[in-house]
Undergrad: 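Sending over a structure as structure tokens; questions will come in a sec.
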Amino acid sequence: MPVQDNESALSSLSREELLSRTRARIDAIDEKLLALLNERSTLSREVGRIKADDKSSIFKPQREQEILERLCSRNTGPLPEDALRSIWREIMSSSRALQRPLRVAYLGPEGTFSYFAGLEFLGHSARYRACVDLPAVFEEVNATTCDLGIVPLENSLQGTVGISFDLFLKYPVTIQAELFSRISHCLLSREENFSDIKAVYSHPQPLAQCAFWLRAHLPGAVLIPAESTAAAARKAAETPGAASIGNGSLANLVGLNVLAKRIEDSPGNWTRFVVIAREGEQNKLGSLPLNKKPLVSGHKTSILFTLPDKPGSLSAVLNLFASHGVNMRKLESRPLLGERWKYVFFVDVEEDLLREEYRDTVLGLSELCNTCRILGSYATGPQLDRVWEPEDAVDADN
């Protein structure tokens, strides 16, 4: 049928008939997608059978990043890139589970920002294990009780999570990947009005990050610190006249109303999380299997090192990086545990130092330092900016 005749035929159809035809086409596409997803799942199981004797992690962040970058480069729309990435993260999460269950430790209880960061990045098909504190996350990974751990490393407002850096000194774990998660707070309560709230529970950081908003809207409420935002939400759920501050998705988990959204004082509140795994031989300076190709979409290497106690020792390291064209993104010193007035340095550089062309850089670094450990080379992490948006909650900006 000529195009003009086809358009005329469509224009003569009623709204209901057009909807019916369009929905029928969507149903047909859904059936094709289902068949293709099952075919992909079959291949994922085949990969699992081929690698049955391979004890390495089934989480391959570089491979997954390459898949996402390739698909995004070919995406002509109208599917938004954020939606594409979210869909495929769940597809890859399911594929991993078909090969072998992926056990992930995080700072619990269920409902913390660490928990939601894990879901966002690793998908819902992983098996998540809540830990009472960050040392327990590192211990689970070190003991291989869990394959991976989700660890907060630094916050754009509060700075470094010092205990995380200290735990890298204690446990032989590596950084496999990083992600940046937007931290947006909601006011949660069983009550329906601000005037009924007499106490607000949350972790000390969210209480500080929402201080101006709380003084303006709940000046008479008592602020009570809790060990986590999730624990605070559960406390608010069982306490009349109480509210909590945390991720809006907590409302569904514990049965609370969302009274206000985006109540943080600064909108630029992000937390950098890293995914850790048990250290393998590949991260030891004495036996580096160098990567054959660069990581996609930018790359980082994280390093821990100690220096001789003499003038110019740190300057020598900085000059080494500069002379090899290595840009440093982060430099921080931490007290060396058990050693008075001695320090360890944590560095992020914008290169994959496990590549062949940086062999001399790595060897030079090992000669300059008393101790040196590469924590990992990994792709620059995505910025996961999916703020939970309840329809009827008050916007803090209004």
Undergrad: For Arg63, is the CZ atom crowded, meaning more than 12 foreign heavy atoms sit under 6.0 Å from it?
TA: no
Undergrad: Would you please classify the geometry between the Tyr171 ring and the Phe138 ring as parallel, tilted or perpendicular, with 30° and 60° separating the classes?
TA: tilted
Undergrad: Before you tell me yes or no, could you show the steps for Asn269 and Arg182 under side-chain hydrogen bond (donor to acceptor under 3.5 Å, both in side chains), namely the whole-Å CA-CA distance, both residues' side-chain angles and the distance that decides it to 0.1 Å?
TA: CA-CA 6 Å; Asn269 186 3; Arg182 167 109 179 260; over 6 Å; no
Undergrad: Salt bridge check, Arg70 against Glu66: does any charged N sit closer than 4.0 Å to a carboxylate O?
TA: no
Undergrad: Decide side-chain hydrogen bond (donor to acceptor under 3.5 Å, both in side chains) for Thr174 and Gln176; before the verdict, give the C-alpha distance in whole Å, the side-chain angles of both, and the deciding distance to 0.1 Å.
TA: CA-CA 6 Å; Thr174 61; Gln176 300 290 300; 2.8 Å; yes
Undergrad: Inspect the surroundings of CG in Asn327 and state if more than 12 heavy atoms from other residues, nucleotides or ligands are less than 6.0 Å away.
TA: yes
Undergrad: May I ask you to check whether over 12 heavy atoms, not counting those of Lys60, lie within 6.0 Å of atom NZ?
TA: yes
Undergrad: Run the side-chain hydrogen bond (donor to acceptor under 3.5 Å, both in side chains) check on Thr160 and Glu332 step by step: do they pass?
TA: CA-CA 9 Å; Thr160 295; Glu332 182 159 341; 2.6 Å; yes
Undergrad: Does any pair with a residue in residues 25-43 pass side chain to side chain donor-acceptor pair (under 3.5 Å), and if so which ones, sequence neighbours excluded?
TA: Arg40-Ser95
Undergrad: Give me each pair satisfying side chain to side chain donor-acceptor pair (under 3.5 Å) with a member in residues 110-119, each pair once, sequence neighbours excluded.
TA: Glu110-Tyr115
Undergrad: Walk me through it: do Val275 and Leu179 pass the test side-chain contact (heavy atoms from CB on, under 4.5 Å)?
TA: CA-CA 8 Å; Val275 180; Leu179 60 143; 4.2 Å; yes
Undergrad: Report the distance from atom CZ of Phe180 to atom OG1 of Thr380, rounding to the nearest 0.5 Å.
TA: 7.5 Å
Undergrad: In chain order, what residues pass the ring pair (Phe, Tyr, Trp, His ring centres under 6.0 Å) check against Phe121, with sequence neighbours excluded?
TA: none
Undergrad: Keeping the roles fixed (side chain from Ser93, backbone from Ser125), state whether a donor-acceptor pair exists under 3.5 Å.
TA: yes
Undergrad: After noting the C-alpha distance and the side-chain angles of Trp213 and Asp265, does the key distance pass the side-chain contact (heavy atoms from CB on, under 4.5 Å) rule?
TA: CA-CA 6 Å; Trp213 190 93; Asp265 299 325; 3.8 Å; yes
Undergrad: Please assess Asp133 against Ile163 for the test side-chain contact (heavy atoms from CB on, under 4.5 Å), listing each intermediate value before the final yes or no.
TA: CA-CA 10 Å; Asp133 53 27; Ile163 187 173; over 6 Å; no
Undergrad: Do Leu169 and Leu167 land in one hydrophobic cluster if side-chain heavy atoms of ILVMFWY residues count as linked below 4.5 Å?
TA: yes
Undergrad: Pairing donors with acceptors under 3.5 angstrom, does anything connect the side chains of Thr306 and Thr371?
TA: yes
Undergrad: Using modelled atom types and a 3.5 Å cut-off, is there a donor and acceptor pairing between side-chain atoms of Thr301 and backbone atoms of Leu353?
TA: yes
Undergrad: Only counting residues at least two apart or in another chain, list the ones meeting salt bridge (Lys or Arg N to Asp or Glu O under 4.0 Å) with Glu227.
TA: none
Undergrad: Output all residues satisfying salt bridge (Lys or Arg N to Asp or Glu O under 4.0 Å) with Arg127, sequence neighbours left out; order by chain, then residue number.
TA: none
Undergrad: Among Ile374, Val274, Val151, exactly one meets side-chain contact (heavy atoms from CB on, under 4.5 Å) together with Ile175. Which residue is that?
TA: Val274
Undergrad: Can you list everything that forms a side-chain hydrogen bond (donor to acceptor under 3.5 Å, both in side chains) with Arg272? Sequence neighbours excluded, please.
TA: Glu154, Glu178, Asp348, Tyr378
Undergrad: Looking at Ala242, is its backbone amide N or carbonyl O close enough to the side chain of Ser189 to form a donor-acceptor pair, meaning the two atoms are under 3.5 Å apart?
TA: yes
Undergrad: Without hydrogens or angle criteria, can the side chains of Gln209 and Ser266 be said to hold a donor-acceptor pair below 3.5 Å?
TA: no
Undergrad: With no hydrogens and no angle check, is any side-chain donor or acceptor of Asp147 less than 3.5 Å from a backbone partner on Ala277?
TA: no
Undergrad: Distance-only, no hydrogens or angles: does the Asp352 side chain make a donor-acceptor pair with backbone N or O of His299 under 3.5 Å?
TA: no
Undergrad: By side chain to side chain contact (heavy atoms under 4.5 Å, CB included), which residues pair with Leu368, not counting sequence neighbours?
TA: Ala316, Val317, Leu320
Undergrad: Run the ring pair (Phe, Tyr, Trp, His ring centres under 6.0 Å) test against Phe321 and tell me which residues pass, sequence neighbours left out.
TA: none
Undergrad: Please check if the side chain of His203 supplies one atom and the backbone of Gln205 the other of a donor-acceptor pair under 3.5 Å.
TA: yes
Undergrad: Got a sec: does the NZ of Lys330 have more than 12 other heavy atoms crowding it under 6.0 Å?
TA: yes
Undergrad: Please enumerate all residues that pass side-chain hydrogen bond (donor to acceptor under 3.5 Å, both in side chains) together with Tyr201, with sequence neighbours excluded.
TA: none
Undergrad: Hey, does the side chain of Ser94 reach the backbone of Ile91 with a donor-acceptor pair shorter than 3.5 angstrom?
TA: no
Undergrad: Please check: side-chain N/O of Ser244 versus main-chain N/O of Ser202, any donor-acceptor pairing under 3.5 Å?
TA: no
Undergrad: Would you please name every residue forming a side-chain hydrogen bond (donor to acceptor under 3.5 Å, both in side chains) with Gln99, sequence neighbours left out?
TA: none
Undergrad: Are more than 12 heavy atoms from other residues, nucleotides or ligands located less than 6.0 Å from atom CZ of Arg45?
TA: no
Undergrad: What residues form a ring pair (Phe, Tyr, Trp, His ring centres under 6.0 Å) with Phe273, not counting sequence neighbours?
TA: none
Undergrad: Hey, are Arg190 and Asn257 close enough side-chain-wise for a donor-acceptor pair under 3.5 Å?
TA: no
Undergrad: List in chain and number order the residues that pass side-chain hydrogen bond (donor to acceptor under 3.5 Å, both in side chains) with Asp166, two or more places apart in sequence or in another chain; answer none if no residue qualifies.
TA: Arg334
Undergrad: State whether the side chain of Arg103 and the backbone N or O of Thr144 hold a donor-acceptor pair below 3.5 Å, judged by distance alone.
TA: yes
Undergrad: Given the rule in the side-chain contact (heavy atoms from CB on, under 4.5 Å) test, do Val254 and Leu188 qualify, once you have shown the distances and angles that lead to the verdict?
TA: CA-CA 10 Å; Val254 298; Leu188 315 173; 5.9 Å; no
Undergrad: State whether Glu69 and Arg85 are salt-bridged, where the test is any N-O pair (Lys NZ or Arg NE/NH1/NH2 against Asp/Glu carboxylate O) under 4.0 Å.
TA: yes
Undergrad: Main chain of Leu107, side chain of Ser228: is a donor-acceptor contact present, judged purely on distance under 3.5 Å?
TA: no
Undergrad: Fit a plane to each ring of Phe168 and Phe346, take the angle between them on a 0 to 90° scale, and name the class: parallel (under 30°), tilted (30 to 60°) or perpendicular (over 60°).
TA: tilted
